[in-house]
Amino acid sequence: MNDFIQKELDELAAAGLKRELKDFVPDGSALRGEFRGRRVVNFSSNSYLGLDSHPALKKAAIAALEKWPVGASASRLITGTGPWVKELEERTAAWKKREAALYFGSGYAANVGIIAALADRDTDIFLDKLDHASIVDGAILSRAKIHRYRHNDIADLERLLKRSTAARKLLVTDTIFSMDGDIAPLEDIVGLCRKYEALLIVDEAHASGVYGATGGGLMEERGLAGKAFLEMGTFSKGLGAAGAYVAGDRATIDYLINRARSFIFTTATPPMVCAACAAAIDIVRSDEGTRLRERLQRHIATLRTVVPAAATPIVPIVLGDIPATMARYETLLEKGLLGLPVRPPTVPEGTARLRLSLSAGHTTEEMAALVGALSTIN
Ligand SMILES: *Cc1c(COP(=O)(O)O)cnc(C)c1O
């Protein structure tokens, strides 16, 4: 009866696509640790500002742990709404300059819950071909009709929007794409959504904390703050903690509290995590946040000397061929540099790559080592 399991695993292994969990033991920070028996500098984390091990986040988490329970013990709508999460949501709304914000346990849960709540059978959803899996899953769960436009192709998007006769239209896009590190044409997308009366949700997972004068994300950076119907982002990457926010108008947030099933039917997040998220917001809004963003931009410029296309902290080195990708990965690893390979189905067929991600927490010496290694193997 369960023959299919071994068969499927064997097929994946034969195609070089079998995924395995890899042990990584950080030494204090996510950016360094032990991997396959070797000390490595980690160029595969999403800790773009190095906040994962920031003393202020740890201090806030420890204080909350001492004051409040370890677990929240109930869902938010039962008895899970403590002062720690109300405070976090108020701080998020103030930071994002929106009326209200809602916290979700993860970015995955946020996208699935928000999209499925806002779209129904009579909705047309427009997604970029490279939108994150959580966005696609939310769209599938909503039972709406899904239209996928070519990656960052505004003409293709307009062609699809023009044809739509649905009463409700929803467009969801990453602002920075997680595997390619490129940026969505946000001004054009905002314009098209206005023209065709589509609700726009932007996913700032990789841009939260990392872009904008107060770390609000790429919409802030591009002068488009408040121009999307909803702005979603995560606390798990640049902000170094865990969970996600969605920010928008009060009525829509109230609607999500009533309709987002991944918000309703799950136990609230531990207070210590919420406290760390709130501390992270304070840092990204401060001068320290500005300094960290500037330092990250300098690291990107350094990498550009060997990878000219490097535009954001996510830098793919697309090799296409899976064995070639694996060989590069091993060569880097021998030099103590961890840049994990990404293969289909995470990325489209024929676009296997090393995905490097840079952090303000990397040292100048570590950046020099990366540049040196890439210039000899590229
Ligand atoms: C990582 C990511 C998510 C999911 O966030 P988690 O907090 O890791 O669950 C959602 N959207 C995008 C674009 C992401 O890169």
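Numbering of ligands and ligand atoms starts at 1, following listing order.
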Atoms of ligand 1 under 4.0 Å from any heavy atom of His206, numbered from 1 in the order shown, are 14 (C), 15 (O)

Counting each atom of ligand 1 from 1 as listed, which ones have a heavy atom of Lys237 under 4.0 Å away?
1 (C), 2 (C), 3 (C), 14 (C), 15 (O)

Please indicate whether any nitrogen or oxygen in Asp174 is less than 3.5 Å from any nitrogen or oxygen in ligand 1.
no

Ring geometry between Phe24 and Phe35 (parallel below 30°, tilted from 30 to 60°, perpendicular above 60°)
tilted

Quick one: does Ala244 get a heavy atom under 4.0 Å from ligand 1?
no

Numbered atoms of ligand 1 (with element) below 4.0 Å of Thr234, judged on heavy atoms
5 (O), 7 (O)

Quick one: which ligand 1 atoms are inside 4.0 Å of a heavy atom on Asn111?
10 (C), 11 (N)

For His206 and Asp174, does a side-chain donor sit closer than 3.5 Å to a side-chain acceptor?
no

Which atoms of ligand 1 are found less than 4.0 Å from any heavy atom of Ser106?
7 (O), 9 (O)

Would you say the side-chain atoms of Glu158 and Tyr149 include a donor-acceptor pair closer than 3.5 Å?
no

Ser236 neighbourhood, listing ligand 1 atoms whose heavy-atom distance to it stays under 4.0 Å
6 (P), 7 (O), 8 (O)

Check the pair Lys227, Leu200 against side chain to side chain contact (heavy atoms under 4.5 Å, CB included), reporting the backbone distance first and the verdict last.
CA-CA 9 Å; Lys227 297 260 196 269; Leu200 171 62; over 6 Å; no

Could you identify the single nearest non-hydrogen protein atom to atom 4 (C) of ligand 1 and state the distance to 0.1 Å?
Tyr108 N, 3.5 Å

Using distance alone, determine whether Gly107 and ligand 1 share an N or O pair under 3.5 Å.
yes

Minimum heavy-atom distance Asp128-Arg148, with the two atoms named:
O-NH2, 3.1 Å

Using the benzene-type ring in the case of Trp, are the ring centres of His362 and Phe43 under 6.0 Å apart?
yes

Going by atom types only, do Thr81 and Arg76 share a side-chain donor-acceptor pair under 3.5 Å?
yes

Classify the side-chain pair Ser208/Tyr245 by whether it contains a donor and acceptor separated by less than 3.5 Å.
yes

Considering only heavy atoms of Asp203, which atoms of ligand 1 have at least one such atom less than 4.0 Å away?
10 (C), 11 (N), 12 (C), 13 (C)

List every atom of ligand 1 that sits less than 4.0 Å from any heavy atom of Ser178, numbering the atoms from 1 in the order shown and giving each element.
15 (O)

